Structures are given as structure tokens and as C-alpha cells.
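Numbers here are sequence positions counted from 1. Computed from a prediction, not measured in an experiment: that's the story for all the values here.
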Amino acid sequence: MTETGLQPETLDLDPPRQAPVNDPGRDLMSKFDALIAERQALIDTGVTDPFAIVMDEVRSPTEAVIKGRETILLGTYNYMGMTFDPDVIAAGKQALDDFGSGTNGSRMLNGTFHDHIEVEQALRDFYGVSGAIVFSTGYMANLGMISTLAGKGEYVILDADSHASIYDGCKQGHAEIVRFRHNSVEDLDKRLGRLPKEPGKLVVLEGVYSMLGDVAPLKEMVAVAKAHGAMVLSDEAHSMGFYGPNGRGVYEDQGLEADVDFVVGTFSKSVGTVGGFCVSNHPKFEAIRLACRPYIFTASLPPSVVATAAASIRKLMHAHNKRAQLWENARELHGGLKAMGFRLGTAMPESAIVAVILEDQTEAVAMWQALLDAGLYVNMARPPATPAGTFLLRCSLCAEHSPEQIRTVLGMFGAAGRAVGVIG
């Protein structure tokens, strides 16, 4: 077996034939012409390319320099503000000194270092579980777990609004895929009831959905899944660190630690670095390492990255004040925007994500640009990431945002909204 996962005899060693450059029928890039034209049309209006934002300098979890301008960051997933924590940074520097800049191998070969073992133990301690496996990203964690857990003749049942990594995990595997309406317990129950009883089933849910910041009714959904004999995987990427008494996520907050079989998460949000993971109490969980292609056939994370993750996770176990501050910031921003007349993704603040909904692309682009010019960065989301005809200015709060920054942000939104005509 080679590192491509293919048997050597299946590889085509003949040199590729070069297609004539003037033959558009053979140009595989031509399918992207509409996207290229749309992006160029946006740039031609004088708007900053939203896909080419560069952080010239990052000064704190909430402040950066963009295009030479001091800018408040309200569009990162640095929920707990751990990126500049002195202990986290010190752990990464020490690992660089001790182990160098990279591993040069997969976890299955020479790519397991001391700090990989340490971060997996930190995850076991944080979640109170027996098993933890670290992946290179949260995307790879979903890709690997879903495609490995459910095989041919089995079923994956997922929320229609699931993250792209969940959908791609379904595509990577060979299970039958069934979708149910977003956050609909009734539709989940109905679709599970139509499936044959004998095959294995995996219900994939998310604690917090990243577009609108809405929370899943996990308690009811997990009860339905268990009633139909299905196992449950919950993606807690956008709730880890601040949801639940110990910051484990929505599933902990709703009292489901004994009922959810697998929890997927990421280091790129509350933990403040990069990487992904899955934790579980299943007695056979370690077998995943022997069968999961996205775990086996990729290089392991650098020691400095997993060292920072381990330090951050251990500090998050006791970050009660940070959790309280993040929720206070979410309430202040949501309440202030709602009072000004903006249409928001949720009636009440349900998470650290506050989404302003706009129905006109021109207004959305103009308002995003006005905020950026004023010194505020938020994310602009549009179809197909959002439903057709819906555009979002998506704010992601941080525990390190000060009350003064929140007041400044509200003032910027008010000025931009009135200038564009979104609010009166």
C-alpha cells in the first residue's frame, strides 16, 4: 500500500496527454467562468474583495490592522480569546525548541510525538471520556468519522442545514444518506421510521449551526434517534468552550453526555489554534485509528500546534469567567442590534454567533463595506452557504471583547445601517 491509498499496480504511470490550450471543450477550468465573472463584477464596483482580506497585523484576539486601518475583529471564531494567552504561546515556543517545526509523517508512522499524546489526554480530561483522537482539522474529523463509522448497507441521517464537512463525510463513505428538515424532531422521527430496522444507523447533529447561530433541540433529537436504535454523533465545533457547566458543548448543557456516542470538535475556534478531534466512551473507539483514511493518510499536526492546543484546553476547563463574559457580550450585541431594528437570525441570543439578515445583495455588500471602512470586520455570507435570497452579516463574538468595543460596534452598525437604508 502506498501513501495514496492505492495499490501500485492501479497507478497510471504514462505521462498525461496535454490538451490544446485553445480547445475550450477540454478546459476543465471553464466551469468556473460564472464564478470568476461574478467576483470580478463585485470588484469592479469598487468594493473590497471580501475573499481577499489580509490581516496585516493582529494585535489581540479582538484587534487587527486591515488595509492599514485599526480594525475591530467581529468575524473570527476566536470565541474564548485564547490566541494570545501567554501560557498557550509559551507551550508552542517550547515545543518548537524541543521537537522542531514539523513531524514529517503520519500518526501511523513516525508522526506521533509527546504533545500528540498530551493533547489527546487533555481532551479526555476536558470531556470526561475514555477515548480521544486528533485529526489535522475539524473538517477532517467529520470527513473521517462519518465515512468510517457508516459503511455500505448502513445509513447516515443528517440535518439538511449540516456543515459542508458533514456532507463531504457522507460523500466520502458508502452509506445511504437521508436528510431531514432543519431542527425538525418530527421529520427526523418520520424518516428514521421509514428505514429498515436491521442496518446500522448514524444520526449526525450539530449543537450550534454556524450560519445563524441557532441551537439544535438535541435532547429531543437524541431521544428519537435512540428509540430507533441509531447511534449519534454531535458536532460541537461552535459550542465548545462556553456551552454547558464545563464548556463541553450543547450536548452537555442539555444533559446528554451519557447518550451521545461521538462528539466532534475543532481547535480552530474556542481553543485558538488549528486541528480537529473526536471523543467517545465507546469501548472499541481506538479501532478508528486502524480504519480511518483521513487519519491514516495525512501528516500529523506540528508539535507546536498540538502543544498550544493542550495548554489551551486545560485552561478552558477553568475558564468560568471567560464563559460568563462571552455570554454577556452576546446578549449586549444581540439586544442592541435588535433595538435598532435589524433583522437577526435568532429571536434571542442563542450562541456567540449573531447574524444580521439582509434580503438584498447590494445592501449587504454596501453595508459590509461601510463597516470595514469604519474599522469593523464581520463575515459576509451569501448563497449557496445561505438560503436563496438571504445574505448575512455574521458576527462572531469573543470573550475578550470589552464593553467599550461592543458599544463602538453598535454605533458602527447603526451608522452603516442608516447610511445604506437598512434601518431608519
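In this structure, Leu397 and Ile406 have side chains that are in contact, with non-hydrogen atoms separated by less than 4.5 Å. Within the 4.5 Å cutoff, the side chain of Thr308 has no heavy atoms near those of the Met82 side chain. Looking at heavy atoms from C-beta onward, Asn329 lies in side-chain contact with Gln325 at the 4.5 angstrom threshold. The side-chain heavy atoms of Leu233 and Val264, taken from C-beta on, include a pair separated by under 4.5 Å. Side-chain contact check for Leu205 versus Val222: some heavy-atom pair is nearer than 4.5 Å. Residues Ile53 and Thr48 are in side-chain contact: their nearest non-hydrogen atoms beyond the backbone lie under 4.5 Å apart. Counting heavy atoms from C-beta outward, Cys395 and Leu333 have side chains that approach closer than 4.5 Å. Annotation: side chain of Arg382 is in contact with side chain of Gln361 (closest heavy-atom distance under 4.5 Å).
In this structure, the side chain of Ser280 engages the main chain of Asp261 through a donor-acceptor pair within 3.5 Å. A donor-acceptor distance shorter than 3.5 angstrom exists from the side chain of His334 to the backbone of Thr346, with no hydrogens or angles considered. Side chain of Arg323 to backbone of Leu316: a donor-acceptor contact under 3.5 angstrom is found. His163 places a side-chain N or O within 3.5 Å of a backbone atom of Ser165 that can act as its donor or acceptor partner. Between the side chain of Glu57 and the main chain of Val65, no donor-acceptor pair closer than 3.5 Å is present. At distances below 3.5 Å, not a single donor-acceptor pair connects side-chain atoms of Ser239 with backbone N or O atoms of Val208. The backbone N or O of Thr362 lies less than 3.5 Å from a partner atom in the side chain of Asp360, making a donor-acceptor pair. Between the side chain of Lys284 and the backbone N or O of His282 there is no donor-acceptor pair closer than 3.5 Å. Of the possible polar contacts, none joining the Asn78 side chain to the Gly272 backbone as a donor-acceptor pair under 3.5 Å is found. A donor-acceptor pair under 3.5 Å is formed between the side chain of Arg394 and the backbone N or O of Ser210.
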Margin query: salt bridge (Lys or Arg N to Asp or Glu O under 4.0 Å) for Lys219 and Asp253? Distances and angles first, verdict last.
Written below: CA-CA 10 Å; Lys219 193 174 186 67; Asp253 190 58; over 6 Å; no

Next item on the list: Begin with the C-alpha distance, continue with both residues' side-chain angles, and end with the deciding distance and a verdict on side-chain contact (heavy atoms from CB on, under 4.5 Å) for Lys322 and Glu400.
Entry: CA-CA 8 Å; Lys322 275 181 173 282; Glu400 295 296 314; 2.5 Å; yes

Margin query: Go through it in stages, so that I can follow the logic: the residues are Met145 and Phe135, the test is side-chain contact (heavy atoms from CB on, under 4.5 Å), and I'd like the CA-CA distance, side-chain angles, deciding distance and then a yes or no.
Written below: CA-CA 10 Å; Met145 290 305 303; Phe135 293 81; 4.0 Å; yes

Note to self: The test is side-chain contact (heavy atoms from CB on, under 4.5 Å); show your working for Val134 and Arg107 and say whether it passes.
What the structure shows: CA-CA 10 Å; Val134 166; Arg107 289 291 300 275; 4.3 Å; yes

Next item on the list: Check the pair Ile423, Phe413 against side-chain contact (heavy atoms from CB on, under 4.5 Å), reporting the backbone distance first and the verdict last.
Entry: CA-CA 10 Å; Ile423 58 174; Phe413 261 98; over 6 Å; no

Notebook entry, point to check: Please walk me through it: do His182 and Asp187 pass side-chain hydrogen bond (donor to acceptor under 3.5 Å, both in side chains)?
Noted result: CA-CA 9 Å; His182 178 53; Asp187 198 40; over 6 Å; no

Next item on the list: Determine, stepwise, if the pair Phe277 / Tyr127 fulfils ring-ring contact (aromatic ring centres under 6.0 Å, His included).
Entry: CA-CA 12 Å; Phe277 62 88; Tyr127 283 99; 5.7 Å; yes

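With values rounded to the nearest 0.5 angstrom, Cys278 atom SG is found 4.0 Å from Phe285 atom CZ. Atoms CG and CD1, on Leu212 and Ile357 in that order, are 5.5 Å from each other to the nearest 0.5 Å. A distance of 6.5 Å separates OG1 of Thr390 from CD of Glu359, quoted to the nearest 0.5 Å. We find the NE2-CD1 distance between His116 and Ile133 to be 13.5 Å, quoted to the nearest 0.5 Å. Separation of atoms CD1 (Ile43) and CZ (Phe51) is listed at 9.0 Å; rounding is to 0.5 Å. In this structure, the separation between CD on Glu63 and OG1 on Thr71 is 10.0 Å, given to the nearest 0.5 Å.
The minimum heavy-atom distance between Phe126 and Asn246, with the atom names listed, is CZ-O, 3.5 Å. The minimum heavy-atom distance linking Gly169 with Ser147 is given by the pair O-CB, 3.5 Å. Shortest non-hydrogen contact noted between Pro217 and Val185 is CG-CG2, 3.9 Å. Of all non-hydrogen atoms in Leu326 and Cys398, the two that sit nearest each other are CD1-C, 3.6 Å. When all heavy atoms of Leu218 and Ser234 are compared, the closest pair comes out as CD1-OG, 3.8 Å. The minimum heavy-atom distance linking Leu123 with Ala132 is given by the pair CB-CB, 3.9 Å.
Around the NZ atom of Lys197, the shell of radius 6.0 Å holds no more than 12 heavy atoms that belong to other residues, nucleotides or ligands. Enclosure of atom CG in Asn321 is not indicated, since only 12 or fewer non-hydrogen atoms of other residues, nucleotides or ligands lie within 6.0 angstrom. Within a 6.0 Å radius of NE2 in His320, more than 12 heavy atoms belonging to other residues, nucleotides or ligands are found. Atom CZ of Arg124 has more than 12 neighbouring heavy atoms from other residues, nucleotides or ligands inside a 6.0 Å radius.
Ser136 and Thr298 share no side-chain donor-acceptor pair at under 3.5 Å. In the model, Thr62 has a side-chain atom that pairs as donor or acceptor with a side-chain atom of Gln405 under 3.5 Å. In the model, Arg69 has no side-chain atom that pairs as donor or acceptor with a side-chain atom of Tyr377 under 3.5 Å. Looking only at atom types and distance, the side chain of Gln369 has a donor-acceptor partner in the side chain of Asp373 under 3.5 Å away.
We find that Asp87 and Lys315 are joined by a salt bridge, their nearest charged nitrogen and carboxylate oxygen being less than 4.0 Å apart. Salt-bridge annotation for Glu120 and Arg289: present, with a side-chain N of the basic residue lying under 4.0 Å from a carboxylate O of the acidic one.
The aromatic rings of Phe99 and Phe113 sit tilted relative to each other, their planes meeting at an angle between 30° and 60°.
Of the residues Tyr243, Tyr79, Tyr209, the one that meets the side-chain hydrogen bond (donor to acceptor under 3.5 Å, both in side chains) test with His238 is Tyr79.
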